[in-house]
Each structure stands twice: as C-alpha cells, then as structure tokens.
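Below is one structure; the comments refer to it alone.
All residue numbers in this chain count up from 1 along the given sequence.
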Amino acid sequence: MTTAIRSEFDQGIALTRHPDEPGRYDGELGSGWQIGGGVNGGLLLAMAGHALSLEHGAQEPGGHADPVSISGYYLSASTPGPATVRTEVLRAGRSLSTGTASLSQDGVERLRVVASHGDLAAADGEVRTTAQPPQLPPPDQCIGVEHAPKELIAQAALLERFDLRLDPATIGWALGQPSGNGRIQGWFRLADGREPDPLLLLLVADALPPVTFDLGLPGWAPTIELTVHLRARPVPGWLRVTHATRNVAGGYFEEDAEVWDEAGRLVAQSRQLARVPRPV
C-alpha cells in the first residue's frame, strides 16, 4: 500500500507499508527539504506522524488519523535518501491512541517520537481562550522569500517549497539590524497550493527561520526536541505563524510557536529546544 501523492509535501512524507515487517514503513527524504546540513526537522516529524496515523487506522472508519500531541527527539542529522519508520502502538483507546516511532537511515536512528493520535474533527466544541492571533499586515504587504538574502536561500532549499511572507517588523535581521526581541512572524502556505491539514501543521511549527536570527545570532540552530500540540483541523487558506524565544542560556534556547488559520482559530502550538547557532 502506498499513500497518495498530491503535492511536494505529500511526496516528502509518502510511505509504503513493508510487506513482511509489521509496523514498518519505508519512504524517501528529498533534497528539496534540506536546511543547513540536514533535512528539516518539521518534515521528519510529519513523516513519523504520518506513519503513526497509518498504524492507528487513518484510512479506516473511526481511525485516529490526527496527531494531537507529538514529541520528537532528534538524535542525528538526516540526509536526502531512503528512510525507514518503525512504529509501535502502546495503547489503542476509544478517543486517543498512543504510539512510538523511530525514523532511521542505513540503520542509524535520526528521530524518536512519542505521540497520541485522535480525530480532531470530533473534538470541535466550545473554545475558551485568551490567546490572540498576531496582528500582521496583509500578505501582499509582507516580505516574500524572493527577497531573502541569497546566502539564506543557498542553505535552505525548503524555502522554495514555501510561500512565506514575513512581517516587515520582524525582518531587521535580514538587513543586518536584528531587533533583539527574539520574534519572527508571518504568513505561510505551500507554494504548490496544497491546503493545510494536521500533518502539515507539524512542518509549519518548524518552518520559519530560527528566532535567534532576530537576536543577532545568524546560522542554523539544530533542534534537540520538538513538541507540537494540535488543537483543531485548519480551514483552507493562509496560516499565521509566530515564533518567539524568551531565554538563551548555556548554549540552548527555547522557541515557542503558534499557528492560526484563516478562521482566526489557534490550530497548533509548539515548543522546541535548540542549540544556539555556532559563530560563523
């Protein structure tokens, strides 16, 4: 069984169930998702989450297709090429199923995941929140990837897969004038027009440039651990994304993200721990 391929993202996380090994899925990490020295951590998380969705019966009535809470620990840098995801179901419940996934290449483990999956459509109910979406200029008044520094594009092939429009108030770092606030935010959608869904939100949580850029610390920041909480299935259209940090200490920093859909709903929240970029 091979999953349907509808866009570059779907191709990036496409998996084939192994005929002889239960819980094993095989895929291919594409070079178009590289950032710095490896494949983007959000795409890896989405591939592992996809494997667990299939294992939890995503294609069956009543299956648990949607990641609700997923945490990934990045053990080694991934590279373009074949990848294997091995899954184990720890608990299959009525509303949530929990499992683990290990993504490896040539026998070297790249990512270890623990996640709970459910049906986000069934969870749509009363919403009580004090959170507010970021106030951004319209997408056509924000700064697109085509204006990014050439050296940034050269290190981040995945940016060509995105239609990313950054808030002009948070891109001083691109002009050599970082604000020091530790915040980057903007509009996001895929360049090929694929609409957002829960698996794509796992990529979006790690899609913006590292917030350390806004602290005057250029260079790519390797992720140690990334946790994403999904609150609802997003409606079609643009996503508003904000990344921020409040603490850089001991060579590490946290990066908190919020993802809002066009209906003004907070659809995902995440926190990751990453290494401070090394001096260039």
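- Grouping the Ile, Leu, Val, Met, Phe, Trp and Tyr side chains by contacts below 4.5 angstrom, directly or via other members, places Leu29 with Leu158.
- Annotation: side chain to side chain contact (heavy atoms under 4.5 Å, CB included) contacts of Ala207 (sequence neighbours excluded): Phe162, Phe188.
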| Audit row: Arg112, Tyr73, side chain to side chain donor-acceptor pair (under 3.5 Å) steps and yes/no | CA-CA 5 Å; Arg112 180 69 64 92; Tyr73 285 82; over 6 Å; no
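- Distance alone, capped at 3.5 Å, places no donor-acceptor pair between the His229 side chain and the Ile70 backbone.
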| said: Quick one, Val68 with Leu96, criterion side chain to side chain contact (heavy atoms under 4.5 Å, CB included). Give me CA distance, side-chain angles, the key distance, then yes/no. | reply: CA-CA 8 Å; Val68 175; Leu96 285 177; 3.9 Å; yes
| task | Quick one: do Leu136 and Gln185 satisfy side chain to side chain contact (heavy atoms under 4.5 Å, CB included)? Show the steps, please. | result | CA-CA 8 Å; Leu136 302 173; Gln185 59 189 25; 3.4 Å; yes
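- Atom CG of Asp140 sits in a crowded spot, with more than 12 heavy atoms from other residues, nucleotides or ligands closer than 6.0 Å.
- Ile171 and Trp220 fall within a single hydrophobic cluster, where Ile, Leu, Val, Met, Phe, Trp and Tyr are joined by side-chain heavy atoms under 4.5 Å apart, directly or via other members.
- Note on Leu208 and Leu217: separate hydrophobic clusters, where clusters join Ile, Leu, Val, Met, Phe, Trp and Tyr whose side-chain heavy atoms are under 4.5 Å apart, directly or indirectly.
- Leu199 is not connected to Trp260 by any chain of hydrophobic side-chain contacts under 4.5 Å among Ile, Leu, Val, Met, Phe, Trp and Tyr, and they are in different clusters.
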| query | Where do Thr242 and Val259 land on the side chain to side chain contact (heavy atoms under 4.5 Å, CB included) test, with the steps shown first? | reply | CA-CA 7 Å; Thr242 177; Val259 185; over 6 Å; no
| task | Run the numbers on Glu258 and Leu266 for side chain to side chain contact (heavy atoms under 4.5 Å, CB included), then give the verdict. | result | CA-CA 7 Å; Glu258 292 182 353; Leu266 181 61; 3.8 Å; yes
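- Between the side chains of Ser97 and Arg91, no donor-acceptor pair of N or O atoms lies under 3.5 Å.
- Evaluation of the ring pair (Phe, Tyr, Trp, His ring centres under 6.0 Å) test over residues 86-123, restricted to residues two or more places apart or in two chains, returns His56-His117.
- Residues Ala121 and Asp66 come closest through the heavy atom pair N-OD2, 4.2 Å.
- When atom types are taken as modelled, the side chain of Arg24 and the backbone of Arg86 share no donor-acceptor pair closer than 3.5 angstrom.
- Panel note: side chain Glu195, backbone Gly237; a donor-acceptor pair is recorded below 3.5 Å.
- Using a distance-only test at 3.5 Å, with no hydrogens or angles considered, no donor-acceptor pair links the side chain of Trp173 to the main chain of Ile184.
- Annotation: the span from Arg265 atom CZ to Arg240 atom CZ amounts to 14.5 Å, rounded to 0.5 Å.
- The two residues Ala268 and Leu201 come nearest to each other via the heavy atoms CB-CD1, 4.1 Å.
- Scanning both residues, Leu120 and Arg233, for their nearest heavy atoms gives CB-CG, 3.7 Å.
- Cluster annotation: Phe9 and Leu45 are assigned to the same hydrophobic cluster (Ile/Leu/Val/Met/Phe/Trp/Tyr, side-chain heavy-atom contacts under 4.5 Å, transitive).
- The only member of Leu44, Leu226, Leu52 that meets side-chain contact (heavy atoms from CB on, under 4.5 Å) when paired with Val113 is Leu52.
- Leu43 and Leu203 make their closest contact through N-CD1, 3.7 Å (heavy atoms, listed as atom of the first residue, atom of the second, distance).
- A side-chain donor-acceptor contact under 3.5 Å links Asp192 to the backbone of Arg194.
- A donor-acceptor contact closer than 3.5 angstrom links the side chains of Asp10 and Ser7.
- Contact of the Arg275 side chain with the Ile224 side chain is registered, since non-hydrogen atoms from C-beta on lie closer than 4.5 Å.
- Of the possible polar contacts, one joining the Glu255 side chain to the Val211 backbone as a donor-acceptor pair under 3.5 Å is found.
- Of the possible donor and acceptor atoms, one in the side chain of Tyr74 sits under 3.5 Å from a partner among the backbone N and O of Gly41.
- Between the side chain of Glu8 and the backbone N or O of Arg161 there is no donor-acceptor pair closer than 3.5 Å.
- Proximity of Pro198 to Pro234: side-chain heavy atoms (C-beta onward) are separated by under 4.5 Å at one or more points.
- For residues 29-46, the pairs satisfying side-chain hydrogen bond (donor to acceptor under 3.5 Å, both in side chains) are Asn40-Asp206, with sequence neighbours left out.
- The heavy-atom pair separating Val85 from Met47 by the smallest distance is CG2-CG, 4.1 Å.
- A distance of 9.0 Å separates CG of Asp163 from CG of Leu190, quoted to the nearest 0.5 Å.
- Of the possible polar contacts, one joining the Thr245 side chain to the Glu254 backbone as a donor-acceptor pair under 3.5 Å is found.
- Side-chain contact, Arg231 with Gln269: a donor N or O sits under 3.5 Å from an acceptor N or O.
- Looking at Ser116 and Ser69, their side chains never bring a donor and an acceptor atom within 3.5 Å of each other.
- Leu239 contributes atom CG, which lies 10.5 Å from atom CZ of Arg189 (distance to the nearest 0.5 angstrom).
- In this structure, Thr87 contributes its side chain and Gly23 its backbone to a donor-acceptor pair below 3.5 Å.
- For residues 210-219, the pairs satisfying side-chain hydrogen bond (donor to acceptor under 3.5 Å, both in side chains) are Ser179-Asp214, with sequence neighbours left out.
- Residues Cys142 and Asp167 share a closest heavy-atom pair of SG-CA, 4.1 Å.
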Can you give each donor-acceptor pair under 3.5 Å made by side-chain atoms of residues 75-82, sequence neighbours left out, with the distance rounded to 0.1 Å?
unit_1	atom_1	unit_2	atom_2	d
Ser76	OG	Glu109	O	2.8
Ser76	OG	Arg110	NH1	3.1
Ser78	OG	Val39	N	3.3

| message | For Glu55 and Arg17: C-alpha separation, side-chain torsions, deciding distance, then whether salt bridge (Lys or Arg N to Asp or Glu O under 4.0 Å) applies. | response | CA-CA 10 Å; Glu55 198 65 14; Arg17 191 188 298 269; 3.5 Å; yes
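- A donor-acceptor contact closer than 3.5 angstrom links the side chains of Glu225 and Thr227.
- Every residue two or more places apart in sequence or in another chain that forms a side chain to side chain contact (heavy atoms under 4.5 Å, CB included) with Ala274 is listed here: Ala221, Phe253, Gln272.
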